[in-house]
Amino acid sequence: MKTSTHISCYITVLLLFIHCNLFAQKKNNYAASVDSLIKTTDIRNFNGVIAIAENGIVKYTKAYGFSNLEKKTPLKMQDNFEIMSNSKQITAALLLREVDKGKVDLQAPIKTYLPYLTQSWADTVTVHQLLNHTHGIEAIDKPLLFKPGTSFKYGNFSNVLLGKIIAFSSKKTYNQMADSLFKALKMKHTFAYVKDENKPIVTGYKNKDGVFTKVETSQINPDSTPADGIITTAEDLVIWNSNLHEGKILKPETYKLMVSETVLAQHNSFGKEKCGYGYGIRVNNNGKTKYIGHTGLGDGFASLNIYFPKNKISVVVLENQMNDKLELAYYFGNQVKEIILKLEDKK
């Protein structure tokens with residue numbers, strides 16, 4: 001009788017183990033596809049890190065290549081990358097936190113918060129239009145490209161002004177506000193760039209037909225930091241996604257504004273058709289599965305940060321190489337995204 005009971009218990013445990021193992025494989029069945037992508041594609045084309053997470057828990061990581069090609073230093077998941085225009089999403093959130101505090105009105109003209117501006121357009125361009133690139137500003141000393149709110153023109157200058165609005169509203173520097181938020185979120189490896197500050201960042205390279213050339217100088221400067229100057233790791237961006245998209249950074253109504261389509265724009269990483277652009281974030285509602293996120297390119301770096309809201313999946317691909325051919329700049333990030341997208345479409 002005892003033997004029969006022991007056998008029954010053993011079978012139950014075995015079946016439970018098999019079920020759990022199959023469930024785990026099903027949940028993580030993208031791992032083999034991503035591994036195959038890296039191994040079967042010309043190795044010269046990928047040098048970076050990948051993190052895929054579900055519900056804020058990292059399920060897959062891969063560091064491949066070198067943080068410094070000359071020294072043949074292997075990349076690690078903890079290595080810091082420039083994420084360039086993915087910084088815009090962070091700046092948008094910082095600005096919207098000032099909105100949550102009642103210190104900034106999205107529909108107010110930017111002169112309200114930048115009183116030193118003497119240009120006539122400062123009285124008509126709104127904070128909202130800076131956030132979604134419908135402002136028409138080409139440069140501080142040039143006329144508008146179009147009437148504010150009538151078209152979309154992506155660029156860095158709007159985020160330069162957003163950084164100054166954040167500083168005006170908070171009475172602190174942009175870097176102080178950003179670093180304070182990173183500390184609160186326990187993003188231990190993330191910071192706003194400061195030139196000549198001795199903090200480790202992997203070396204960026206330009207890739208021309210498989211020949212890598214080190215980028216010696218950075219385009220980031222104190223004014224441009226809100227547009228391109230956040231330094232972070234793939235796993236810290238997973239922390240960012242989890243907190244942002246699960247309501248731990250912004251009030252629900254403000255977050256909804258951030259991820260809502262306010263204008264249509266096209267980017268190859270989000271499909272051939274135009275999709276929505278919110279505040280520092282692209283919103284693709286064109287297919288069966290919705291996904292949101294942004295890209296970043298420059299200084300020998302390429303970054304893609306995608307989030308699938310339905311099942312709370314983050315896909316982060318950071319590379320310290322920038323392909324000379326723009327159509328290949330986000331090749332690996334796009335391919336990893338497509339692997340997850342196909343799996344999500346089947347659910």
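Since the model is a prediction, treat every value here as computed from it, not as a measurement.
- Between the side chains of S314 and N241, at least one donor-acceptor pair of N or O atoms lies under 3.5 Å.
- By the salt bridge (Lys or Arg N to Asp or Glu O under 4.0 Å) test, K111 pairs with no residue at all, sequence neighbours left out.
- The side-chain hydrogen bond (donor to acceptor under 3.5 Å, both in side chains) search around K290 returns none, not counting sequence neighbours.
- Within the structure, the salt bridge (charged side-chain N to carboxylate O under 4.0 Å, His left out) test picks out no pair touching residues 231-243 (sequence neighbours left out).
- For K288, the NZ atom sits in a packed shell: over 12 heavy atoms of surrounding residues, nucleotides or ligands are nearer than 6.0 Å.
- Among residue pairs with one or both ends in residues 330-346, those qualifying as salt bridge (charged side-chain N to carboxylate O under 4.0 Å, His left out) are E344-K347; sequence neighbours excluded.
- No more than 12 heavy atoms of other residues, nucleotides or ligands lie within 6.0 Å of NZ in K153, so this atom counts as exposed by the packing criterion.
- For K101, the side-chain hydrogen bond (donor to acceptor under 3.5 Å, both in side chains) partners are E98, not counting sequence neighbours.
- Looking at Y330 and Q335, their side chains never bring a donor and an acceptor atom within 3.5 Å of each other.
- Applying the side chain to side chain contact (heavy atoms under 4.5 Å, CB included) criterion to K206, with sequence neighbours excluded, gives V215, M322.
- Within the structure, the salt bridge (charged side-chain N to carboxylate O under 4.0 Å, His left out) test picks out the following pairs touching residues 304-327 (sequence neighbours left out): D209-K325.
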Sequence neighbours excluded and cut-off under 3.5 Å, please list the side-chain donor-acceptor pairs for residues 256-263, or say none.
residue	atom	partner	partner atom	Å
S260	OG	K256	O	2.4
E261	OE2	N285	ND2	3.0
T262	OG1	N132	ND2	3.1
T262	OG1	Y277	O	2.7

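- Within the structure, the salt bridge (charged side-chain N to carboxylate O under 4.0 Å, His left out) test picks out the following pairs touching residues 124-149 (sequence neighbours left out): E138-K142.
- Under the side-chain hydrogen bond (donor to acceptor under 3.5 Å, both in side chains) criterion, Q119 pairs with no residue, sequence neighbours left out.
- Taking the ring centroids of Y154 and H267, they lie at or beyond the 6.0 Å cut-off.
- In terms of the side-chain hydrogen bond (donor to acceptor under 3.5 Å, both in side chains) criterion, residue partners of N334 (sequence neighbours excluded) are, by chain and number, S269.
- Residue Q107 places its CD atom among more than 12 non-hydrogen atoms of other residues, nucleotides or ligands, all under 6.0 Å distant.
- By the salt bridge (Lys or Arg N to Asp or Glu O under 4.0 Å) test, D179 is found to be paired with no residue, residues two or more places apart in sequence or in another chain being considered.
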